[in-house]
Every structure is written in C-alpha cells, then in structure tokens.
Amino acid sequence: MTALLQLERFTVRYGRLTAVNDVSLEAKAGEVTAVIGPNGAGKTSLVNAVMGLVPFGGRLLFPQWPEASRSIEARVRARISLVPETRDLFGPMTVLDNLRLGAFAVRVEPRFDMRARIADIFRLFPRLAERRDQLANTLSGGERQMLALGRALMLRPRFLMLDEPSLGLAPLIVAEMFRIIAQLKNEGVSILLIEQNARAALQLSDRAYVLEGGAVQLEGRAADIAADRRVIEAYLGMS
Ligand code: ATP
C-alpha cells in the first residue's frame, strides 16, 4: 500500500517543552491509522503540525501530493482535511452555511455539485438535515461533532485526520460516530484517527501507534496492538 503521509524524526516544541519527540509514522492509502495515548501525550500537537497549524522539526512528506507540505492552503487543495479537537465551527452561522463553507476549496471545480454534496452529508447524518437552519452554536456536543465531520467531508477528502472525534460524547453517539468512521473507511477514505478511546479506535483501525510523553512507545497492526499485554493493562482494562 502506498504511503499518504510519512513523518521522520518529527518534533513539535512549545518553547522549552517538547510535545512531540522524534516521531516516525506512516499512514497508508485506504487504511485507518490510529494514534492512541493518554492526555498530554502529544496527539493533538502531532496532528495540528501535520496540518500546518503548528511549526515542527524533522520531515513531513505527503508522497502522493508533494506540493501539499508547503502550506495549509496547499494541503486543503490536495484535499487533506483535519477535524480539530476544538471543532472550530462558525457558531453564529447555520448548519447549512457551515457545510457550504466546507466546500470553499472545491467549489471552483466545474463538476462540483453543492446540492448533491450536501444531500450526501445529510444522508450520512440525518440529524444534521433536521437541524439545517439551526445556528451551530446552539447544537449539542454530538451534533457539533457531526457538523465538524460533515463540513470536512464537503471537501471529499483524500486524507482525513480526526482529532478525538468521540471526545465528550454520550456512549450512544460515540458508537454512531465510530460507525460513520467505519463507513467512510469502507468508501475508501484514508484516515488518521487520534483517539483516547483506544478500544473502539483499535477495532476499526488497520495500524496503530501508541504515543506517550511525545514519543512512539509501540507500533504495529491494530489487532496486535490490541492484544499487547502492556496496552491491555494501560488502555483497555483487564477484561
Ligand atoms: P489530550 O488528549 O489531553 O488532548 P494530547 O495527547 O492531544 O492530549 P497535546 O495537546 O498535544 O496532547 O499536548 C502535549 C503537551 O504539549 C502537553 O504537555 C501540553 O500542555 C503542551 N502544549 C500543547 N499545546 C501547547 C501550547 N500551545 N503551548 C505550550 N504547550 C502546549
């Protein structure tokens, strides 16, 4: 499988604090790659730096789209998307307008059909269809997360990075969110999934990295990581 993202000795520093330390990582086409780890492990810093929101050291390559590593805009044009942990919705705007804004980078493509794309998103998230005219800042946490993901999907991403999509959601909505991520994977979207919910993340991932204190502690096939005694003790409980 071709690599879509390659990190080599990737490092993120905030002043004297090293949040991501010498990480090497690869995400392959058609796969879900999970990065799991505790609070403060550096997961958000990693993904924000990959998107170009935070400066980094080391090497970042998008082998399929060499120009994409130049700027955030170039990544968006290559249809690389990040759904940030902060969700970053346009609060005073409606659900529909938030979705329309998600398409700004592709709207200029002659074949782009805004109505059809929005209809696709509403099929995936019927809840958003019901609330199409509601302002984003009045949505529930789960609905907000659905809108943030729906907005990223307007771009028809070729590589989608999700920063803790299950964070703060009720168990039923968490299950729904993971069902949707699995569906996206089946549709062929390549995904980098940042999660604290290790069990659910490992179930739908192909490969996984365990990040602790900014460094990769363990990496491999998700099934092997889920069966690793250290991972079971630290992240999956004894069951
Ligand atoms: P969580 O799961 O709690 O979101 P995380 O694994 O995503 O954690 P990061 O948010 O990347 O971890 O944080 C890694 C470290 O970097 C933490 O010690 C955090 O306090 C620090 N950090 C993050 N952002 C900044 C910043 N803008 N300035 C200074 N330190 C930061």
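Counting convention: from 1, in listed order, for ligands and their atoms alike. The residues of the chain are indexed from 1 along the displayed sequence.
Among all non-hydrogen protein atoms, the one lying nearest atom 10 (O) of ligand 1 is Thr44 CB, 3.7 Å. Of the protein's heavy atoms, Leu17 CD2, 4.8 Å lies nearest to atom 19 (C) of ligand 1. Protein heavy atom at the shortest distance from atom 13 (O) of ligand 1 is Ser45 OG, 3.8 Å. In terms of protein heavy-atom proximity, atom 8 (O) of ligand 1 is nearest to Gly40 N, 2.7 Å. Of the protein's heavy atoms, Asn39 ND2, 2.7 Å lies nearest to atom 3 (O) of ligand 1. In this structure, the protein non-hydrogen atom closest to atom 22 (N) of ligand 1 is Tyr14 CE1, 3.4 Å. Among all protein heavy atoms, the one lying closest to atom 4 (O) of ligand 1 is Glu85 OE2, 3.3 Å. At the shortest separation from atom 2 (O) of ligand 1 among protein heavy atoms lies Lys43 NZ, 3.0 Å.
Atom numbering of ligand 1 starts at 1 in the shown order; those under 4.0 Å from a heavy atom of Glu164 are 2 (O). Each of the following atoms of ligand 1 lies closer than 4.0 Å to a heavy atom of Ala19: 14 (C), 15 (C), 16 (O). Atoms of ligand 1 found under 4.0 Å from any heavy atom of Ala41 (numbered from 1 in listed order, with element): 5 (P), 6 (O), 12 (O).
Applying the ring pair (Phe, Tyr, Trp, His ring centres under 6.0 Å) test to Phe122 and every residue at least two apart in sequence or in another chain returns nothing.
Salt bridge annotation for Glu73-Arg77: absent, with no cationic side-chain nitrogen under 4.0 angstrom from a carboxylate oxygen.
Proximity of Gly42 to ligand 1 is established by a heavy-atom distance of less than 4.0 Å. Between Pro38 and ligand 1 there is a heavy-atom distance shorter than 4.0 Å.
In terms of N/O distances under 3.5 Å, ligand 1 is not approached by Leu46.
For Gln217 and Glu212, the side-chain atoms include no donor-acceptor pair closer than 3.5 Å. Using modelled atom types, one finds a donor on one side chain and an acceptor on the other under 3.5 Å when comparing Ser166 with Glu195.
In this structure the side chain of Phe178 never reaches within 4.5 angstrom of the side chain of Glu176, judged on heavy atoms.
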Using distance only, find each side-chain donor-acceptor pair of residues 34-49 under 3.5 Å and give its atom names and separation, not counting sequence neighbours.
unit_1, atom_1, unit_2, atom_2, d
Lys43, NZ, Gly37, O, 3.0
Lys43, NZ, Pro38, O, 2.9
Thr44, OG1, Glu85, OE1, 3.0
Thr44, OG1, Asp163, OD2, 2.9
Ser45, OG, Tyr14, OH, 2.7

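Each of Asp206, Val32, Leu204 was compared with Ile191 under the side-chain contact (heavy atoms from CB on, under 4.5 Å) criterion, and only Val32 meets it.
Here the closest heavy-atom approach between residue Leu160 and residue Leu184 is recorded as CD2-CD1, 4.0 Å.
In this structure, Tyr209 contributes its side chain and Glu26 its backbone to a donor-acceptor pair below 3.5 Å.
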